[in-house]
Amino acid sequence: MKEPSHTDILIIGGGMAGGLQALLLAELGFRVRVLDGAPAPAWPEGPAAARVSTLSEASHWLLRHTGVWERLRPERVQGYTSMRVWDQDGTGEVAFDAADAGAAHLGWLLENDHLTAALYDTAQQRDALDWQCDRPATVIERDGRRWRVEAGGETFTAALLIGADGARSRVREKAGIPDGLRDTGHHAIVCTIETERPHGACARQVFMDSGPLALLPLFPEEKGGDGHQCSIVWSAWPHRVEELMALDDHAFGVALSQASGNVLGAARPVSRRFVFPIQERHASSYVAPGLALIGDAAHVVHPLAGQGINLGLLDAAVLAEELGRAREAGVAVDHPAVLARYERRRRADNLLMQNAMRGFKLLFERRELPVRWLRNSGLNLVNRLAPARQAFMHRALGRAGDLPRTARGR
C-alpha cells in the first residue's frame, strides 16, 4: 500500500485566500500543499469576468510582499482615486479622495480569476509549495494527531489542515463547526456595463430602500482601456431582482441609469447578468484541533463595502504570522495556543465589519422621515468633517486593527 504523502500544512481550496496563504507559508519555510477541485487558473482574456473584487491598501501590500502584484496584468487592474456615496432618497452625500488619506489610490478593482491566476503563477516558482488542481477532496478526517485527506485516488496527511474552501466549506463541516448562516433577504445582480460618460477612476455607490447599487470602474484608460466600463453589484429584494432580470438589455440599462441618477449618463449591459443570494456567515469558531479556517470558510459579509476578500487575505496573513512565530520558537504548528492567537486576532475585527455592514443595510432600508433625515444629515456631516472622512478611509484602506507586518506599507 502506498504511503500517504505528508506535508507540514495542507490547504483545501486554491482561491484567493488559499493561494495567498500557501505563498506566505512557503516563504516561511513550511512544506505546503494545496488541493483544489477546480481546474488550473487561467489568465482572463477579452471582456471582464462577472466577478470582481475590491482590494484595499493592506491587500496590495500583501500581494507585493509575495511577488504577486508584479505578475498582475496592469491593463486589467483599475486603481480608483475617489469614491462617492449618496442616498437616492434624499440629499445626503459623501465623497472620499485618495489625496486626503495621503495615498495614491483608495483601492483597486480586478477580476477574481485574474488574481487567482497570478497567485497560481507565482506558486509555480516555490519549491516548497505543491499546488494541485482538479483534486477535489473526497475524504477529510482526523487521524490521531494529524489530518488525512483523500483526493484524486491519493492520500495526503498534514499536522495542520487549513480550510480555504469557501462559504460551503467541507473542512468546516467535517470539523463540526456551525457556520452561523443568516439570510440577508437580498439577492445581487452582477454584470459589466458600458456608460455614456467615463468613470474617471471613481467608485460609486447609491443607497436605495431596496438595497445598494455599486458602480465599480474597470480597465484603466492609461493602460489601453476606454474608461467607460464598470462592474455593477445591484443588491435588492428578490422580487425586485426578478423584475430587473426580466427586462431586456435596453430596459435594464434604462432602469440602471435611473437608479444611479444618470451619474454616468446612459448605461447598457455588455455581459450576461448573474444573480446570487446574499448570505452572511460567521463560524462559531475559526479553529479546531489541528485545523484553522480562513476567508469565506470562516466568515461571509454583505458585499456593500467590498471588504470580503480583504478580510480573507488578512486572515491568511495573520495565520501565517502566528505560525511563523511558532516555528521560530520551536512550537508545533498545530499547538492550540498558536491557533487560538490567530482566532483572537481575527474574529473580533471580522465580526465588527460584519455588524457594520448589517447596520448600514438596515439604516438605508428604513423609509421613516426621521430616519431618512438622520442618515442624510450623517452623510453630509461626514462629508464636511475632514477627520470623519479620514477615519472612514483609514478603515477602508485596511490601515486599522491588528495588522500583520506583511500588510503594512514599507
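Just so you know, these numbers use all the heavy atoms, side chains as well, and skip hydrogens, waters and symmetry mates.
Not a single donor-acceptor pair under 3.5 Å links the side chain of Tyr80 to the backbone N or O of Arg204. Remark: the backbone N or O of Thr192 is paired with a side-chain donor or acceptor of Ser271 at under 3.5 angstrom. In this structure a side-chain-to-backbone donor-acceptor pair under 3.5 Å is present from Arg172 to Ala297. Panel note: side chain Arg281, backbone Gln279; no donor-acceptor pair is recorded below 3.5 Å. Using modelled atom types, one side-chain atom of Thr138 and one backbone atom of Glu150 make a donor-acceptor pair closer than 3.5 Å. Listed for the Asp143 side chain is no donor-acceptor partner under 3.5 Å among the backbone atoms of Arg148. Counting only distance, with no hydrogens or angles, the side chain of His105 and the backbone of Gly107 share no donor-acceptor pair below 3.5 Å. Between the side chain of Thr406 and the backbone N or O of Leu62 there is no donor-acceptor pair closer than 3.5 Å. Under the 3.5 Å distance criterion, the side-chain polar atoms of Arg347 are matched with a main-chain donor or acceptor of Ala283. Of the possible polar contacts, one joining the Glu321 side chain to the Arg405 backbone as a donor-acceptor pair under 3.5 Å is found.
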Could you go through residues 12-26 and list every donor-acceptor pair under 3.5 Å that involves a side-chain atom there, pairing it with any protein atom two or more places apart or in another chain?
{"residue": "Gln21", "atom": "NE2", "partner": "Ala316", "partner atom": "O", "Å": "3.0"}

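For the pair Asp402 and Val318, the minimum side-chain heavy-atom distance is 4.5 Å or more. Contact annotation: the side chain of Leu314 approaches that of Arg346 to within less than 4.5 Å [non-hydrogen atoms, C-beta and beyond]. Under the 4.5 Å side-chain criterion, counting only non-hydrogen atoms from C-beta, Val263 is in contact with Trp86. Side-chain contact between Leu213 and Ser260: present, with at least one pair of heavy atoms (C-beta onward) separated by less than 4.5 Å.
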For this session: Go through the steps for Glu45 and Arg73 under the test salt bridge (Lys or Arg N to Asp or Glu O under 4.0 Å), then give the verdict.
Result: CA-CA 11 Å; Glu45 302 286 348; Arg73 298 181 174 177; 3.1 Å; yes
Exercise. Between Lys174 and Glu141, does a salt bridge (Lys or Arg N to Asp or Glu O under 4.0 Å) hold up when you go through it step by step?
Worked result: CA-CA 7 Å; Lys174 291 297 182 181; Glu141 62 182 13; over 6 Å; no
Exercise. Between Leu55 and Val77, does a side chain to side chain contact (heavy atoms under 4.5 Å, CB included) hold up when you go through it step by step?
Worked result: CA-CA 10 Å; Leu55 295 181; Val77 179; over 6 Å; no
For this session: Mind running salt bridge (Lys or Arg N to Asp or Glu O under 4.0 Å) on Asp249 and Arg273 for me, showing each step along the way?
Result: CA-CA 9 Å; Asp249 282 352; Arg273 287 170 262 163; 2.9 Å; yes
For this session: Please assess Arg325 against Glu322 for the test salt bridge (Lys or Arg N to Asp or Glu O under 4.0 Å), listing each intermediate value before the final yes or no.
Result: CA-CA 5 Å; Arg325 288 173 178 167; Glu322 291 299 336; 3.1 Å; yes
For this session: Please report the C-alpha distance between Tyr286 and Asn350 in whole Å, then the side-chain angles of each, then the deciding distance to 0.1 Å, and finally whether the side chain to side chain donor-acceptor pair (under 3.5 Å) criterion is met.
Result: CA-CA 11 Å; Tyr286 289 9; Asn350 291 336; 3.1 Å; yes
For this session: Go through the steps to decide whether Glu343 and Ser285 satisfy the test side chain to side chain donor-acceptor pair (under 3.5 Å), and finish with yes or no.
Result: CA-CA 8 Å; Glu343 180 175 46; Ser285 175; 3.2 Å; yes
Exercise. What do the steps show when you test Phe207 against Val85 for side chain to side chain contact (heavy atoms under 4.5 Å, CB included), and what is the final call?
Worked result: CA-CA 8 Å; Phe207 282 94; Val85 180; 3.6 Å; yes
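Judged purely by distance below 3.5 Å, without hydrogens or angles, the side chains of Arg240 and Ser210 never pair a donor atom with an acceptor atom.
Once rounded to the nearest 0.5 Å, the distance linking CG of Leu72 with CH2 of Trp108 reads 11.5 Å. With rounding to the nearest 0.5 Å, the separation of CD in Gln307 from OG1 in Thr54 is 8.0 Å. Atom CG of Leu218 and atom CD of Glu194 lie 11.5 Å apart (nearest 0.5 Å). Interatomic distance, Leu161 CG to Leu291 CG, rounded to the nearest 0.5 Å: 5.0 Å.
The ring-ring contact (aromatic ring centres under 6.0 Å, His included) contacts involving residues 35-57 comprise Trp43-His114, where partners must be two or more places apart or lie in separate chains.
Judged by the 6.0 Å distance and 45° axis criteria, Arg51 is positioned over the aromatic ring of Phe276.
For Asp127, the CG atom counts as loosely surrounded, since its 6.0 Å shell holds 12 or fewer non-hydrogen atoms of other residues, nucleotides or ligands.
Residues His186 and His302 bring their aromatic ring centres within 6.0 Å.
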